[in-house]
Visitor: 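Okay, handing you the structure first.
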Amino acid sequence: MAASGKLSVLARQLSTSSVSAQLVKPPVQIFGLEGRYACALYSAASKTKALEAVEKDLKGLQRQMRADPNLRDLLINPTIKRSLKASALKDVSSRVKYNAATGNLLTILAENGRLGRLDGIINAYTLIMAAERGEVVCEVTTAKALDDSQRKQLEGALKSLLKPNQSIQLTAKVDPALIGGMIVSIGDKYVDMSVASKIKKYTDIISAPV
């Protein structure tokens, strides 16, 4: 079965009525392959009122992936047969008692050879669930750590972009390679205001053939 067909299988519940078979649209649209899987998973979990249960499953799995090198190898090692990965993940889903939608996702990713995208899919689903709760996920990366005053000032500026019923979840990261300025990712928007990106831009212009 083609990948697009398997995505629809993931999003379709046992009922065969035309209404229940339709996709439930997420509160925020996430693009790319990871986004398509996350949106299909949201639709499947929404129909069985398992949105939070699936989110809990995925966050727990993500923690395991980052802590257990053997699990990471199982997921991303291309030399392990897809059928073996699918079988192993079915066993894990049964023992851990994952929600059915979570188990279906893992099986489909294993069969499609796309388990290496799982971390990105989890992040996309987390973003959708944040929007479901009226939260807007914002990640700010700067060359140096923000002090309390700078963080509060930044939060104030970002909150002015939100709707009245929304709240912000701010995560700050440090990357010295930026040199200065910042990179801001808020919801599905991304803005690179770093010094490094400006230097690259001007370098590209200077190096371009006349």
Visitor: Once side-chain hydrogen bond (donor to acceptor under 3.5 Å, both in side chains) is applied, do any residues pair with Ser194, and if so which ones, sequence neighbours excluded?
Guide: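 Scan of Ser194 (side-chain hydrogen bond (donor to acceptor under 3.5 Å, both in side chains), adjacent residues dropped) gives Asp192, Ser197.
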Visitor: Quick check: closest heavy atoms across Thr141 and Leu178, and the distance to 0.1 Å?
Guide: O-CD1, 3.4 Å
Visitor: Pairs in or reaching into residues 143-165: which pass side-chain hydrogen bond (donor to acceptor under 3.5 Å, both in side chains), with residues at least two apart or in two chains?
Guide: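 Passing the test, one end in residues 143-165: no pairs.
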Visitor: Please report the shortest heavy-atom distance between Gly180 and Ala143, naming the atom on each side.
Guide: N-CB, 3.8 Å
Visitor: Any chance you could measure Arg36, atom CZ, to Gln29, atom CD, to the nearest 0.5 Å?
Guide: 10.5 Å
Visitor: Starting at SG of Cys138, measure out to CG of Leu170 and round the result to the nearest 0.5 Å.
Guide: 5.0 Å
Visitor: Under the side-chain contact (heavy atoms from CB on, under 4.5 Å) rule, what do Val136 and Leu158 come out as? Steps first, then yes or no, please.
Guide: CA-CA 10 Å; Val136 177; Leu158 293 171; over 6 Å; no
Visitor: Looking at every heavy atom in both Ser167 and Leu162, which two are closest together, and how far apart are they?
Guide: C-CD1, 3.8 Å
Visitor: Please identify which of these residues, Leu58, Leu41, Asp57, Leu127, meets the side-chain contact (heavy atoms from CB on, under 4.5 Å) condition with Ile122.
Guide: Leu58
Visitor: From the options Arg66, Arg114, Lys59, select the one residue that forms a salt bridge (charged side-chain N to carboxylate O under 4.0 Å, His left out) with Asp119.
Guide: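 The passing option is Arg66.
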Visitor: Could you report the tightest heavy-atom contact between Asn112 and Tyr37, atom names first, then the distance?
Guide: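 For Asn112 and Tyr37, the tightest heavy-atom pair comes out as ND2-OH, 2.8 Å.
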Visitor: List the steps and the verdict of side-chain contact (heavy atoms from CB on, under 4.5 Å) for Leu106 and Leu61.
Guide: CA-CA 11 Å; Leu106 296 177; Leu61 179 58; 3.7 Å; yes
Visitor: Which heavy-atom pair separates Val54 from Ala45 by the least distance, and what is that distance?
Guide: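 For Val54 and Ala45, the tightest heavy-atom pair comes out as CG2-CB, 3.7 Å.
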Visitor: Name all pairs fulfilling the side-chain hydrogen bond (donor to acceptor under 3.5 Å, both in side chains) condition that reach into residues 170-182, sequence neighbours left out, sorted by first residue then second.
Guide: Glu139-Lys173
Visitor: What pairs meet the side-chain hydrogen bond (donor to acceptor under 3.5 Å, both in side chains) rule with one or both residues in residues 70-85, with sequence neighbours excluded?
Guide: Asp73-Asn77, Asn77-Thr79
Visitor: Supply the atom-to-atom distance Glu132 CD to Met129 CE, rounded to the nearest 0.5 angstrom.
Guide: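 Rounded to the nearest 0.5 Å, the CD-CE separation comes out at 5.5 Å.
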Visitor: Given side-chain contact (heavy atoms from CB on, under 4.5 Å), test Ile128 with Cys39 step by step and report yes or no.
Guide: CA-CA 8 Å; Ile128 291 172; Cys39 289; 4.0 Å; yes
Visitor: Start with the C-alpha gap between Glu34 and Asn123, add the side-chain angles, then the distance that decides, and say whether side-chain contact (heavy atoms from CB on, under 4.5 Å) holds.
Guide: CA-CA 9 Å; Glu34 288 83 354; Asn123 291 338; over 6 Å; no
Visitor: Hydrophobic clusters here meaning ILVMFWY residues chained together by side-chain heavy-atom distances under 4.5 Å, can you tell me if Tyr190 and Val174 are in one?
Guide: no
Visitor: Kindly compute the distance separating CD (Glu55) from OG1 (Thr102), expressed to the nearest 0.5 Å.
Guide: 10.5 Å
Visitor: Working to the nearest 0.5 angstrom, can you tell me the gap between Tyr125 OH and Leu118 CG?
Guide: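 Result: 13.5 Å between the selected atoms.
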Visitor: By the rule that ILVMFWY residues connect when side-chain heavy atoms come within less than 4.5 angstrom, directly or transitively, which residues belong alongside Ile199?
Guide: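 Other cluster members: Ile179, Val195.
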Visitor: Taking the basic N atoms (NZ, or NE/NH1/NH2) and the acidic carboxylate oxygens, is any pair closer than 4.0 Å for Glu52 and Lys56?
Guide: no
Visitor: Give me the atom names and distance for the closest heavy-atom approach of Tyr42 to Lys25.
Guide: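 Between these two residues, the closest heavy atoms are CE2-O, 3.6 Å.
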Visitor: What pairs with Lys200 under side-chain hydrogen bond (donor to acceptor under 3.5 Å, both in side chains), at least two apart in sequence or on another chain?
Guide: Asp204
Visitor: For the hydrophobic clusters of this structure (ILVMFWY residues joined by side-chain heavy atoms under 4.5 Å, transitively), does one cluster hold both Ile76 and Leu109?
Guide: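 Ile76 and Leu109: one cluster.
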Visitor: Taking atom CG of Leu115 and atom CD1 of Ile108, what is their separation to the nearest 0.5 Å?
Guide: 11.5 Å
